[in-house]
Amino acid sequence: MERFDVVVVGAGPSGSSAARYLSEKGLRVLLMERKKLPRFKLCGGALSGRFSKYLPQDFKSKVLNVIHKGYLGFRGDKHKLKEREEVAYIIDRADFDHFLAQKAMEKGCELREETELLDLWEEKGKIILDTTKGKVSCDFLIGADGFHSKVAKFLGFKKEKYYRSVEVLAEGEMDFNSVVIELGLVKRGYLWVFPKGNKLNIGVASTEKENLLEVLKDYIKRQKIVKVKKIYKPKSWFIPFAEGSEELHTGRGRILLVGDAGNFVDPLLGEGIYYGYLSGLLAGDAILENPQNPEKTYRKKVKELAKEFTYAGKIAKLAYRFQRVAYKMGGGTSLERYMEFLKGHTTYEEMYKKGWLDFIKNLILYPLKS
Ligand SMILES: Cc1cc2nc3c(=O)[nH]c(=O)nc-3n(C[C@H](O)[C@H](O)[C@H](O)COP(=O)(O)OP(=O)(O)OC[C@H]3O[C@@H](n4cnc5c(N)ncnc54)[C@H](O)[C@@H]3O)c2cc1C
């Protein structure tokens, strides 16, 4: 049976980040992916500006749109954000994920495409994986296999908190260096319009059971902020999230979970590419530092991320419960603070602590219309 130091299941951003990091450190790594790359992944493809310092230097060759501006909408009203330097980037997930997998290969990792993990078990101190291309064994396993992670299921984890989402690609016109966030359309969540090259990506996500397709179609028909000429087939998927340490599924012993498999997604806006990528690096570090029990070290390393998710969760609870208030605050300092956050100049903790006094003031001003 073929033997590796580490097997990473899933070649999304989380898996490729762990595979690249560990290969660079000299471990023998197999990155296993059930699809052929480049593969489609439903996603807005927005990366916050603070991500750039972790990415390979030439990642900008993959950027379709640089974001300088934004709009926050609420049932026909809108706030326009001051134009500024780049705060975010839009990428195409098929292309970007392929690029990250290639970067892992450049560091020596073996990529095995069209290879699906079917089953796994532990035997004589090794982890054995049964795949559509035969069996392999390893000392460490990283589950980066997304929302329906088989590795997480093997460890007994279940998804508890997640957004349902529907997204559609459209042809039309908008300011291709801006993003639109709309509140007031779903109970707990939001709608977005992002550029994707010269096309539009329109999506909506909610944690509640709502008819998201209807919300999306109705919005496209009635809104006046962008011009939609043609829409392609809508698609739907899930976005897991964690609102604190205990909701992050880090794994067990020598089996670690990263990205969506471990719920490494921010509960306010559903940003998962950045956090998944970071979790891949932290999992890699934990394996190197504590090969006897990497999960114990990994759990400590993700504490800072968990704290961010706790505060993002607190903001989400208030903002989605009182969406009109959140919108009104967006016209003041909140959106400006959020832009600083995207660039990495502030944290969710600071935003929450600075913002909540304003929130109470606004709640008194707009109490009955939430
Ligand atoms: C509609 C929508 C919009 C979103 N927009 C954004 C956004 O704008 N910005 C942002 O940061 N995040 C966004 N997200 C979240 C983001 O897409 C995810 O958090 C991110 O893809 C997580 O990356 P990952 O590597 O953990 O998992 P994935 O990208 O899902 O990759 C998992 C990989 O594992 C493979 N796999 C699965 N099972 C197996 C198996 N058994 N064997 C082998 N391979 C397997 C899959 O084929 C896949 O390639 C969005 C999500 C959705 C649904």
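As the structure lists them, so they are numbered: ligands from 1, and atoms in each ligand from 1. Residues take their numbers from the sequence shown, with the count starting at 1. The structure presented is a predicted model; accordingly, all values stated were derived computationally and were not measured.
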* Return the option from S14, G276, G10, G259 holding the heavy atom at the smallest distance from atom 23 (O) of ligand 1. => S14

* Asked: Heavy-atom distance to atom 13 (C) of ligand 1: which of G146, P240, C43, G143 wins?
  -> C43

* Asked: Does the side chain of S206 come under 3.5 Å of the side chain of R188 through a donor N or O and an acceptor N or O?
  -> no

* Asked: Do Y21 and D285 have a side chain donor and acceptor closer than 3.5 Å?
  -> yes

Below the 3.5 angstrom mark, is there an N/O of [X], backbone or side chain, next to an N/O of ligand 1?
{"X": "G44", "value": "yes"}
{"X": "L42", "value": "no"}
{"X": "I273", "value": "yes"}
{"X": "W192", "value": "no"}
{"X": "E33", "value": "yes"}
{"X": "R39", "value": "yes"}
{"X": "V258", "value": "no"}

* To do: Using the test ring pair (Phe, Tyr, Trp, His ring centres under 6.0 Å), find all partners of F51 that sit at least two apart in sequence or belong to another chain.
  => Y274, Y277

What protein heavy atom is closest to [atom], reported as residue, atom name and distance in Å?
{"atom": "atom 44 (N) of ligand 1", "result": "R34 N, 3.2 Å"}
{"atom": "atom 37 (C) of ligand 1", "result": "D145 O, 3.4 Å"}
{"atom": "atom 12 (N) of ligand 1", "result": "G272 N, 3.1 Å"}
{"atom": "atom 9 (N) of ligand 1", "result": "A46 O, 2.9 Å"}
{"atom": "atom 22 (C) of ligand 1", "result": "D260 OD1, 3.2 Å"}
{"atom": "atom 40 (C) of ligand 1", "result": "L117 N, 3.8 Å"}
{"atom": "atom 17 (O) of ligand 1", "result": "R93 NH1, 3.0 Å"}

* Numbering as shown, the atoms of ligand 1 that approach W237 to under 4.0 Å (heavy-atom distance) -> 53 (C)

* ligand 1 versus V9: contacting region, heavy-atom distance under 4.0 Å -> side chain

* Asked: By the rule that ILVMFWY residues connect when side-chain heavy atoms come within less than 4.5 angstrom, directly or transitively, which residues belong alongside I128?
  -> M1, W121

* **Under-4.0 Å salt bridge between K103 and E106** => yes

* To do: Using a strict 4.0 Å threshold on nitrogen-to-oxygen distance, state whether R252 and E122 make a salt bridge.
  => yes

* To do: Return yes when atom NZ of K133 has more than 12 non-hydrogen atoms of other residues, nucleotides or ligands closer than 6.0 Å, and no otherwise.
  => yes

